[in-house]
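Notes follow the structure.
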Amino acid sequence: MSTFAERLEAVEERIARALRRSGRKRSEITLVAVTKKFPADVILEAHAAGLRHFGENYVQEFAQKHLAVSHLTDATFHLIGHLQSNKAKQAAENFNVIETVDSARLASRLDSAAGNPIPVLIEVKLSHEESKTGANAAELPAVVDAIRATRHLQLQGLMTVPPWSEDPEHSRSYFRQLCELARKYNLSTLSMGMSGDLEAAIEEGATAVRVGTALFGPRPRPK
Ligand SMILES: *Cc1c(COP(=O)(O)O)cnc(C)c1O
């Protein structure tokens, strides 16, 4: 068993190597620590170790944990899981960044629910997996326009989750496509890359990687 500090160091080394290979700087990458299914203590420990960005998948789960971490005023909480329109208000109340806007309808619900400006990303679905959420490339222009027409949503970039594969190289073409789409729409934030494929993501232009298992170990089984 390694300690959290050791795992964090190992992740930072992986990030550093990928940055060296691509001639990029550490300041270009946000490490989002994915704490879904872990108790709030895990967020506190990671914060104490210097992490400031946290990703959670479930609005309700995080709303419960939020009380225990709301004093971390320098922390940024990202919603990285699918958002249903009926949870838009709760999401706007609990998260600082919503990475998973994927329809004009959701954008409009979120805008009405938000009392303040809120940075958002569009989740893009680049594969044909039935199970995946996200806007596909054909739907993307309408979602971009819808977000840009809102009062409170600030469109910052795109996020994607490639199909699961043991081989990180399989993710590379999806990362490349996301990067091209971001360029096309003049968006600067690219949230892509997880524990298994963060190097390929950084080499292809990621500005944020979302890392769970490599930092915290296997997630606890659902109760
Ligand atoms: C769970 C999750 C992650 C983290 O995955 P790991 O493989 O544990 O690093 C990143 N992004 C999303 C959208 C997730 O759901």
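All ligand and atom numbering here is 1-based and tracks the order in the structure.
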Exercise. Have K87 and Q84 got a donor and an acceptor in their side chains that come within less than 3.5 Å?
Worked result: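 Checked: K87/Q84 side chains pair up, N/O donor to acceptor below 3.5 Å.
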Problem set entry | Exercise: do H128 and N136 side chains pair donor with acceptor under 3.5 Å |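 No, because no side-chain N or O of H128 sits under 3.5 Å from a partner of the opposite role on N136.
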Exercise. What residues, two or more places apart in sequence or in another chain, satisfy side chain to side chain contact (heavy atoms under 4.5 Å, CB included) together with E199?
Worked result: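 R14, A18, R21, E203.
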Exercise. Among all residues two or more places apart in sequence or in another chain, which pass the ring pair (Phe, Tyr, Trp, His ring centres under 6.0 Å) test with F175?
Worked result: none
Problem set entry | Heavy atoms from other residues, nucleotides or ligands near CZ of R26 exceed 12 (cutoff 6.0 Å) |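 Enclosed.
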Just the distances, no angles: every ligand 1 N or O to protein N or O pair closer than 3.5 Å, one line each.
unit_1: ligand 1; atom_1: 8 (O); unit_2: T213; atom_2: N; d: 2.8
unit_1: ligand 1; atom_1: 8 (O); unit_2: T213; atom_2: OG1; d: 2.5
unit_1: ligand 1; atom_1: 8 (O); unit_2: R219; atom_2: NH1; d: 2.8
unit_1: ligand 1; atom_1: 8 (O); unit_2: R219; atom_2: NH2; d: 3.2
unit_1: ligand 1; atom_1: 9 (O); unit_2: S195; atom_2: N; d: 3.0
unit_1: ligand 1; atom_1: 9 (O); unit_2: S195; atom_2: OG; d: 2.5
unit_1: ligand 1; atom_1: 9 (O); unit_2: G212; atom_2: N; d: 2.8
unit_1: ligand 1; atom_1: 11 (N); unit_2: R210; atom_2: NE; d: 2.9
unit_1: ligand 1; atom_1: 15 (O); unit_2: K36; atom_2: NZ; d: 2.7
unit_1: ligand 1; atom_1: 15 (O); unit_2: N57; atom_2: ND2; d: 2.6

For this session: Sequence neighbours left out, what pairs pass side-chain hydrogen bond (donor to acceptor under 3.5 Å, both in side chains) with at least one residue falling in residues 113-125?
Result: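 The answer is E123-T133.
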